[in-house]
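Below is one structure, written out as structure tokens, with a few remarks after it.
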Amino acid sequence: MLNNALYRLEPQAGETIDRAQTFTFTFEGRAVIAHPGDTIASALAAAGVHVISRSFKYHRPRGVMCMAGHCPNCLVQVGDEPNVRACQTPAEPDMVVKPQNVWPSLKKDAMAFTGLFSRFMPVGFYYKTFIRPQAMWPLFERILRRIAGLGKVNPATPPDRYDKQYLHTDVAVVGGGPAGLSAALAAAEQGATVSLFDENPQPGGHWRYALPAPDDGPLPDLAAQAEAHPGITVYPETTVLSCYEDNWLSARRGNRLFKIRAGAVIFATGAYDRPLIFDNDELPGVRFGGAAQRLLRLYGVQPGKRAIVVTANDGGWRIAAGLQAAGVSVVAVVDERPESEAGAVSHVLQADARVFWRHTIRAARGAGAVEGADIAPLDAQVRPQFIAGDLIVINIGLTPANGLLYQAQTKISYNEDRAEFLPETLPAGVFAAGRVAGSHAGATELAEGRLAGRQAAAFLGLAPAPPSAEITALAGQKAAGPKRSSARVDVPGSQKRFVCFCEDVTDKDLETAIAEGFDSIELLKRYSTISMGPCQGKMCAANTIHLCARHTGQSVAQTGTTTARPPLAPVSLGVLAGQNMEPVKRTALDAWHRANGAGMMVAGLWMRPEHYGNPPAEVQAVRERVGLIDVSTLGKLQLTGPGAPDFLDRIYVNKWQKLGVGRVRYGVMCNDEGVVMNDGVTARLSETTWYTTTTSSGAGAIFEWMQWWLQSGWGGEVHVTNISEVNAAFNLAGPRARAVLQKLTDADLLNEAFPYMHVRHLTLAGVACMVMRIGFTGELSYEIHCPTGAAHYVWERLLDAGRDFGIAPFGVEAQRILRLEKAHIIVGQDTDALSDPISADMAWAVKLDKADFLGQRPLRQVAQDGPAQRLVGFTMARPGLVPDEGLQIVRPTAAGPEIIGWVTSSRHSPTLNQTIGLCWLPAPLAGQPGATFTIRMNGKLEEARVHHGPFYDPQGDRLRI
Amino acid sequence: MSFKLIKQAFSSGQPPPMWKPQPLKDRYDVVIIGGGGHGLATAYYLAREHGITDVAVLEKRYIGSGGSGRNTAIVRSNYLTPEGVRFYDESVKLYGQMSEEFDFNVMFSRRGHLTLAHTDGAVRTMRRRAEVNRLQGVDSRLIWPDELARLCPPLDLSDHPRYPVQAALYHPPGGIIRHDAVVWGYARHAVRRGVHLHQLTEVTGITVEKGKVTGVNTRRGRIKAGTVLNVTAGWAGVIADMAGVKLPIATSPLQACVTEPLKPFLDVIIVSGSLHVYISQSDRGELVMGAAVDPFASYSMRGSFSFIEGLAGHMLELFPSLRHVRLMRQWAGLCDMTPDYSPIMGHTSVDGFLVDVGWGTYGFKAIPVSGKMMAQLIATGQTPDLIRPFRLSRFEEHNLVGEKGAASVGH
């Protein structure tokens with residue numbers, strides 16, 4: 001059990017922990033005591049655990065540095081979850097927390113030796129080694145992969161529930177600090193609905209933890225005012241992740257993802273501490289000012305016992321005073337400014353605190369944790385002096401948290417005076433306020449927040465625009481405020497000085513990379529991998545730009561920035577995925593199929609019966625008696641209006657103007673390249689009503705395709721309605737089909753009254769149906785379309801009526817055999833992304849002489865040149881051999897087999913008791929019935945013969961009986 | 001440990017620069033527009049194989065800033081058509097020699113490429129590809145869930161997913177590579193052989209006289225050249241238009257993303273055509289993921305939220321244990337799509353103005369072979385057989401290449 005009293009203070013005003021309760025969790029197997037409200041890192045800090053992780057490349061010890069979720073130094077494994085930010089994640093009872101990237105333990109990490117060899121591992125070292133012998137690279141790579149990486153995925157991670165919520169709001173305010181809260185209130189006062197998002201448990205921003213400046217005055221309780229305002233909804237613990245076009249935001253709270261469409265967005269995202277680059281600048285015990293204050297005020301934890309505060313602003317002095325008040329001994333305050341530039345807060349320190357003006361830190365010293373710091377004057381070449389202490393507070397400046405502003409396409413530029421990247425031009429509907437926009441003092445933050453709130457309301461037309469004088473005055477106020485950031489990003493030194501904590505990139509690495517030619521900021525990033533780790537540049541980007549500018553002799557502004565990419569904070573795939581929204585489409589007869597022994601298969605979005613146990617028997621039933629198949633999955637489109645035939649003429653390769661009412665025609669649809677897209681039948685139900693079926697898998701896409709063309713100017717006087725799910729459809733097929741159907745209707749079904757390729761409205765068993773006499777299976781058959789609600793009833797009646805005739809349901813597999821016996825193609829199986837209908841043996845359908853239609857130009861070319869390849873039937877020379885679909889047809893040559901075609905469909909035909917199939921062959925060969933060719937099967941060449949026309953009932957007599 | 005690193009370790013100076021800036025001349029024999037992998041490779045092979053070194057590579061931004069630096073670095077040759085397979089197989093072979101040739105480790109990791117089949121139709125297509133591949137001497141075969149489970153243990157092979165996995169096309173030589181290193185390697189060795197590399201040099205116009213190209217205009221001045229090669233992506237049509245050449249290209253964004261680094265989780269590359277996603281793990285431990293091109297034409301590279309949502313959903317269908325893994329960064333590149341999902345390489349109607357464009361989602365895989373072939377074409381004037389199927393005139397001749405099936409999703 002770790003003693004958590006070591007660093008825990010007396011209760012602090014505003015702390016988040018509930019001291020009345022305690023619980024334990026484990027860290028690397030040891031029990032840690034925590035209170036509700038503690039994060040993993042605060043509980044560890046209370047227990048005096050300084051080292052939490054090991055670094056990516058050199059496996060150096062790392063501890064809590066930012067306490068704000070920005071740096072990578074506290075990433076831990078929590079149970080199944082890798083790369084958890086310990087400083088942001090609430091501790092929970094019995095949590096199992098482990099350090100990452102260490103073996104065997106955090107303290108004795110075997111890979112830490114890499115640090116000793118770092119001179120052999122400069123930036124990009126992996127590009128320069130492991131080259132020869134090449135055969136060794138896979139081994140080296142395996143070792144490299146094991147050393148790299150951080151957390152582990154548990155392959156047995158159990159599933160969890162995630163959900164998503166859409167939000168619509170007039171104004172979205174991102175950040176609940178003083179500026180965000182006052183912005184929200186100002187916008188709401190103008191009548192806007194406001195949603196305020198803050199990543200912390202309570203809004204308040206830096207007011208929650210920072211010691212106020214004396215000129216701030218009493219802090220109004222803006223959080224309570226915002227909570228009470230009816231126009232404002234506060235979303236705590238909600239991290240905004242991204243901002244896309246048109247103020248489309250995403251945010252995460254626990255397992256919930258918010259997708260937010262906002263009329264206007266106010267970014268009041270604050271700022272975070274900027275690191276200073278010095279020797280051992282990431283030694284555990286080096287903490288940012290924000291971290292020291294958060295530990296102290298939010299969690300009642302001493303960030304150390306003996307503090308050395310390194311600063312360049314008055315804030316550092318307030319921190320020193322606050323530490324002192326909490327019982328931390330402040331041994332030194334090191335300020336790079338001359339005393340004359342400091343504010344009034346400077347002289348409240350204990351008597352023995354040493355004060356260094358115009359000094360800075362040169363190095364952190366200590367084995368595994370801070371034991372002291374080397375301090376030196378800024379300019380003079382003097383030997384640094386060592387000051388002992390266990391805490392180094394770095395408070396030399398802030399980086400505006402402008403990631404979302406970048407994502408929103410804000411123009412951001414480097415302000416030399418303030419030594420910060422600040423927004424210059426904001427896009428319409430986007431506003432910035434508070435520390436992200438360069439406000440420092442409390443009064444300016446509040447004023448800027450209120451201004452942004454009013455500007456957002458004005459943008460939405462809810463209020464008059466604030467006068468420009470007010471805006472100018474505020475800008476002046478901001479410029480006059482005290483400087484919070486130093487332009488200095490590094491100090492001289494000789495040891496490891498990390499610019500990037502995620503990837504262990506040092507300043508020397510950057511210098512080397514630039515010397516090697518990677519002298520633009522984007523190339524530098526890619527070569528050094530700086531800003532490409534878990535912090536995504538939050539710690540390193542600004543400092544890198546400064547260093548790059550110095551080494552290339554350019555200004556910071558000329559050097560530019562790398563592109564800020566979403567998401568702002570890493571977000572789990574579970575949260576992004578939400579619930580699995582992949583619905584399964586089931587026909588009205590799904591339950592019947594399953595109850596009657598169907599083997600189901602995935603067919604696009606649908607589930608379909610593949611068979612009912614015995615496909616050959618199902619084929620036999622259709623050929624000899626009668627069968628019934630559920631084809632409800634067909635796409636069904638209704639076209640209405642006098643413009644329908646013109647539209648069909650353009651979409652299909654066939655002609656439609658002269659199709660009489662009551663008739664049906666098979667149609668083929670091509671894309672602009674003349675490639676077959678889809679096929680199906682179209683019936684003319686009345687002068688102006690047409691009914692089209694598409695393939696099951698193509699239904700959605702074809703409807704969209706038609707809409708696209710309708711809306712592109714071909715939509716004169718025609719409407720297309722997708723009624724795919726409105727109607728169910730069955731195909732009643734076989735020589736006894738008419739007899740079965742006749743039992744359910746009085747209508748005349750004889751050939752004269754209802755011929756082949758005609759459509760009739762029939763009442764079947766009392767249900768109004770549309771029946772098309774068509775024949776994919778090659779037998780007398782009726783495709784019955786009825787309302788989906790009546791589908792089960794009609795299906796049962798058909799089976800009842802067919803019982804005396806030996807009716808049997810048949811599935812997709814039997815249908816595939818039946819159609820293959822007729823040599824009917826399946827689009828997408830027998831055709832591919834190059835197949836045109838002329839080559840695919842459907843030249844009869846292509847009417848080149850009509851006005852413009854999709855595919856006309858390329859099809860004219862094919863018609864003129866003749867097809868190069870043709871789709872034809874084949875049979876196998878050797879009985880019983882069924883080549884798999886997809887096998888290649890080859891011609892033996894001296895140089896080995898040459899591919900000349902491929903098998904698209906093949907089956908054993910139970911009707912003909914032989915192998916039949918379809919294949920693509922060179923046109924000359926395909927043109928000779930009986931010609932032989934060879935299919936490559938398992939490495940052997942097997943002989944096959946060209947077959948023309950249907951294998952079964954070539955004249956189609958059975959369709960017309 | 002390489003000698004260079006030891007030398008660097010004990011030297012006080014910096015290692016030599018990979019490339020040095022040269023003055024911009026007012027004429028070159030060959031001007032290559034576009035400092036991506038294709039342009040730099042063409043320059044390199046022109047110098048190395050044909051002794052043509054009076055070459056300038058003009059780059060609007062920095063080298064590799066386009067598709068070469070935005071792709072997901074998958075290299076494979078398991079294409080669908082014989083012409084595609086032949087072409088990409090040559091590229092894989094050249095990639096295999098690259099580290100030694102450049103003395104620069106491009107980290108080609110042949111970890112095996114698996115394309116999942118979730119439907120019987122997909123199984124048929126995979127078998128077709130496997131057969132075509134093997135007949136061309138490319139290692140590729142159809143495998144079933146038992147073998148798949150051994151190659152990729154975390155993959156969910158149960159019947160729980162919406163589209164259960166039925167089989168896969170296994171292509172052992174397929175791999176990933178450090179894409180930026182490929183660009184830098186070509187740049188370094190092209191420059192060493194005398195090629196001029198001009199970054200931040202945007203081409204603003206192309207001059208044509210009497211049907212023959214005479215040079216280019218840039219933001220830094222006019223350059224005369226008898227041969228101008230357009231090897232741009234995203235703006236290929238815009239550049240071709242400067243010479244009065246129309247290209248059948250529509251540009252769409254293609255997005256990708258990476259997760260935070262993890263210890264080794266995935267040893268192979270997994271592609272699912274049905275779910276429109278693919279994934280591999282980089283040597284640094286990040287999972288690199290992507291999907292199909294955006295379903296609309298656009299030049300926007302901002303990326304979209306719906307992309308990462310859809311991708312995450314499909315990825316968890318394949319790997320449910322990744323639900324805690326955090327996505328760290330998303331980005332987009334531009335893909336110049338042609339009607340037959342195949343590139344356009346070779347001569348145009350303007351004498352001396354050549355193109356190497358239309359690289360859709362497959363340009364990175366072809367960098368070495370296309371550079372080599374374009375260099376040969378420029379040096380000899382003759383179109384090499386390997387790239388003849390990809391000539392611009394095929395669209396007028398109705399002689400398209402049928403790679404849609406293998407190229408559309410399977411990066």
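Here is the naming used below: chain letters follow the sequence lines, and residue numbers restart at 1 for every chain.
Counting only residues at least two apart or on different chains, the salt bridge (Lys or Arg N to Asp or Glu O under 4.0 Å) pairs with a member in residues 120-131 of chain A are A:K128-A:E516.
For A:E582 (side chain) and B:G313 (main-chain N/O), no donor-acceptor pair under 3.5 Å exists by modelled atom type. Judged by distance alone, the side chain of A:R132 and the main-chain N or O of B:E100 form a donor-acceptor pair under 3.5 Å.
Between A:E885 and B:R127 there is no salt bridge, since none of the side-chain N atoms of the basic residue sits less than 4.0 Å from a carboxylate O of the acidic one. The pair B:E260-A:R85 meets the salt-bridge criterion, since a charged nitrogen lies less than 4.0 angstrom from a carboxylate oxygen. With respect to the salt-bridge test (charged N to carboxylate O, under 4.0 angstrom), the residues B:R326 and A:E81 qualify. Ion pair A:D80/B:R323 not flagged as a salt bridge, since none of the NZ, NE, NH1 or NH2 atoms sits closer than 4.0 Å to an Asp/Glu carboxylate oxygen.
The side-chain heavy atoms of B:K263 and A:R146, taken from C-beta on, include no pair separated by under 4.5 Å. You'll find the side chain of B:F102 stays beyond 4.5 Å of the side chain of A:I131, heavy atoms only. A heavy-atom distance below 4.5 Å is not found between the side chains of A:W902 and B:V132.
Judged purely by distance below 3.5 Å, without hydrogens or angles, the side chains of B:R178 and A:Y127 pair a donor atom with an acceptor atom.
With chain A as partner, the option from B:G285, B:P164, B:P15 having the largest number of non-hydrogen pairs under 4.5 angstrom is B:P15.
The minimum heavy-atom distance between B:R162 and A:G604, with the atom names listed, is NH2-O, 4.0 Å.
Here A:K508 pairs with nothing under the side-chain hydrogen bond (donor to acceptor under 3.5 Å, both in side chains) rule; sequence neighbours left out.
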